[in-house]
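Here's the structure we're looking at; comments come further down.
Bear in mind the structure is a predicted one, so any value in this text is a computation, not a measurement. We count ligands from 1, going down the list as the structure has it; atoms in each ligand are counted the same way.
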Amino acid sequence: MSRKKLKDEASIKVLDSIKGQGIETIWDRYEKQEPHCGFGLLGICCRMCNMGPCRIDPFGTGPQKGACGATADTIAARDMARSTAAGSASHSDHARDLAHTFIAIGKGTAQGYSIRDPNKLRVIAREYGISVENKKDKEITLELGEKALKEFGKQDDEQLTLSKRAPKKQQEIWKSLNIYPRGIDREVVETLARTHEGMDQDYKNLVQTTMRTALADGWGGSMVATELSDILFGSPQPIRARANLGVLKEDEVNIIIHGHEPTLSDVIVTASQDKELLELAKSKGAKGITVAGICCTANEMLMRRGIPVAGTFLQQELAIMTGAVEAIVVDIQCIMPGIVQAASHFHTKVITTSSKASLPGVGCIEFHEDKALDTAKRIIRLAVENYPNRKQDIVNIPKESMELIAGFTAENIFYNLGGKFRASYRPLNENIANGRIRGVAGVVGCDNPRMGSGSYHIELVKELIKNDVLVVQTGCAALTCAKEGLLTPEAAIEMSGDGLKEVCKTVGIPPALHVGSCVDNSRILIACTEMVKEGGIGNSLDELPVAGAAIEWMSEKAMAIGWYFVASGAFVLFGTPMRVAGSQAVFDYITKEIENIVGGKWAFEEDPIKAAHIMIDHIDKKRKALKLAPMLYKQPYKVAV
Ligand code: CUV
Ligand code: SF4
């Protein structure tokens, strides 16, 4: 009963409003899939070759080997490696597209873009070894785009963002284990090759290629995506906005932007303020044009421009079902084919924009940089012209929307502390060392009907902040918590433990800090590295009192993220195992043994309260090893039942 855990009022209202109309949603389809195939869930079904598919009997009575002789250990590890490679490829391909945009801007063939953070352009260019003296933005942009693009194909050398940024000890560990990644393309290809039939059969060796590929993403692909996005769209600054379906307007043209790459969406937002288009909207009886986001395109636009968020991954169909959306414009990743079915019951137009992500039967307005503004205007015009087709009598926009603060980055997170201290990580480290803050937890990733449909993130974060753990967030986890008011300073005062409360009050920050989209998990890597540099709470990433969770994870990208954190020394919790539970050996290896190898490890726990305490116990273990002061205030901390 997947819907039972759904707690979001706005979503429930929409679902109630469509009852009995034969309109299906992800929850209906999910339930029809139950019970799920046990072999698939446990990761012991192999389809790598045409002698299969082969499956391993989990009870030990049936076959224990595939036709070729592959065991559960091989099959599970191989599946995990492939998925992680797909996740890494997704993030990194996103970065590659941004590099192409840079080149187009540099060559003057892009339309509607400007470099919004010329300072960061110079900082990053210098890091890449590009001389910036007496050069115009455009020249540097071109050089940086070309340099960044070369990173992807590096055959033997390391990616610059990794070699220049990762803590020394981590780099040494990676070298000694032969998991120091080369270019992203090479790592993804190698993992695909190694997981072909008859290749790597040793699960430990397969975990090795998994980690190397994920590291290429975290410290490379994803990190490049974040840095280039900051330069192009502007480095985020703390910004107020609203989130949930209530941001849609009854009397305006509503356009949803959904996916992950903000290159077109950014121009759509600009074009939505175009005088001519606003006039056109008025002539159709609308008071204005609202652009609202879903998923990580939402996060990108929220972080930098305060664009309202219509919802998370699970709300993409629901937004359409308000009856008030003229167009849903999608780019890449996390776009459910279900939106086409949803839209067929309403007047909503679905518009795809990438040749890499098309939907059958749906019109594509392909996006190219050289006509970005024209394309954006064309899309808005289509939406505006669709406004008269809206059936006002069936419009049902739930009132719910919540205020939030987003826009935190590794560079600015503790800048605000500078008033009292200096702008650095010193105040954070001091407050961790003196026991006001227990540690830092990343709570990230998707929302999933298999788990709490978002509610697990909320329960997890509430339990963490109650126990003085400062939380950093990305992705749909951040949006879910935003809807609950956890991303406001006010929430800090009401829900946090006394120590965290004191710090958040002094600084005026929420106890849960929104640091961006899924590629922006790289910001968390950088923030952790800064904590190491500042000193006093650990000399390498694996010593820090930190932990991460993607309790409701769904996508393969989440696996890439989880793995690059584990390989970087972090403790990472998922709600359910990555389809490896069918192999006891793989399960034990990645949840226990691996800690002695890379410093990080996995944990799997679906109950959010228990999950919080597993993370807290890990943080306490690290505090103890560092001999940090006992927690300053008496904690509500209790061991989970
Ligand atoms: Ni990449 S990956 S559902 S949108 S967080 Fe959202 Fe973020 Fe998961 Fe997708
Ligand atoms: Fe079966 Fe081996 Fe082929 Fe997998 S690779 S399908 S286990 S024969």
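- One option in Ala478, Cys446, Gly516 has a heavy atom closer to atom 8 (Fe) of ligand 1 than any other, and that option is Cys446.
- For ligand 1, the atoms closer than 4.0 angstrom to any heavy atom of Ser555 are 2 (S).
- Counted within 6.0 Å of CZ on Arg47, heavy atoms from surrounding residues, nucleotides or ligands total 12 or fewer; the atom is thus considered open.
- Residue contacts to atom 1 (Fe) of ligand 2: Cys46 brings no N, O or S atom closer than 2.8 Å.
- Between the side chains of Thr474 and Asn521, at least one donor N or O lies within less than 3.5 Å of an accepting N or O.
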Begin from the C-alpha positions of His258 and Gln316 and carry the test side-chain hydrogen bond (donor to acceptor under 3.5 Å, both in side chains) through to its verdict. CA-CA 8 Å; His258 168 31; Gln316 53 189 292; 2.8 Å; yes

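- Considering Thr353, Thr352, Thr297 as possible partners of Asp331, the one that fulfils the side chain to side chain donor-acceptor pair (under 3.5 Å) test is Thr297.
- For His260, every heavy-atom contact with ligand 1 shorter than 4.0 Å involves the side chain, none the backbone.
- Between the side chain of Glu403 and the backbone N or O of Thr488 there is no donor-acceptor pair closer than 3.5 Å.
- With hydrogens and angles disregarded, a donor-acceptor distance shorter than 3.5 Å links the side chain of Thr226 to the backbone of Ser222.
- Every atom of ligand 2 with a heavy atom of Gly52 under 4.0 Å away is listed here by number and element: 6 (S).
- If you check which protein heavy atom lies closest to atom 9 (Fe) of ligand 1, you get Cys334 SG, 2.3 Å.
- Shown in contact with Lys557 at under 4.0 Å from a heavy atom are these atoms of ligand 1, numbered in order with element: 1 (Ni), 2 (S), 9 (Fe).
- Looking from atom 6 (Fe) of ligand 1 to the surrounding protein, the closest heavy atom is Cys476 SG, 2.3 Å.
- Of all the heavy atoms of His196, none lies under 4.0 Å from any atom of ligand 2, so neither backbone nor side chain is involved.
- Taking a cutoff of 4.0 Å between a charged side-chain nitrogen and a carboxylate oxygen, Asp217 and Lys557 do not qualify as a salt bridge.
- With ligand atoms numbered from 1 in the order given, ligand 2 contributes 1 (Fe), 6 (S), 7 (S), 8 (S) to contacts under 4.0 Å with heavy atoms of Cys54.
- Remark: Lys483 does not engage Glu9 in a salt bridge, criterion side-chain N to carboxylate O under 4.0 Å.
- Which parts of ligand 1 touch Phe313 is read off a 4.0 Å heavy-atom cut-off, strictly below it: atoms 3 (S).
- Scanning the protein heavy atoms around atom 3 (Fe) of ligand 2, the nearest turns out to be Cys49 SG, 2.3 Å.
- Taking a 4.0 Å cut-off on heavy atoms, Gly445 registers as neighbouring ligand 1.
- Under 4.0 Å is where a charged nitrogen must lie from a carboxylate oxygen, and between Lys356 and Asp97 at least one such pair does.
- Counting heavy-atom neighbours within 6.0 Å of Arg242 CZ, excluding the residue itself, gives a total above 12.
- Close approach of ligand 2 to Arg78 is summarised as follows: ligand atoms under 4.0 Å from at least one heavy atom of the residue are 4 (Fe), 5 (S).
- Atoms of ligand 2 lying under 4.0 Å from any heavy atom of Cys68, numbered from 1 in the order shown and given with element: 2 (Fe), 5 (S), 7 (S), 8 (S).
- For atom 6 (Fe) of ligand 1, the set of nearby N, O or S atoms under 2.8 Å includes none belonging to Cys296.
- Listed by number with element, the atoms of ligand 1 under 4.0 angstrom from any heavy atom of Met554 are 3 (S).
- Between the side chain of Asp447 and the backbone N or O of Ser453, no donor-acceptor pair lies under 3.5 Å.
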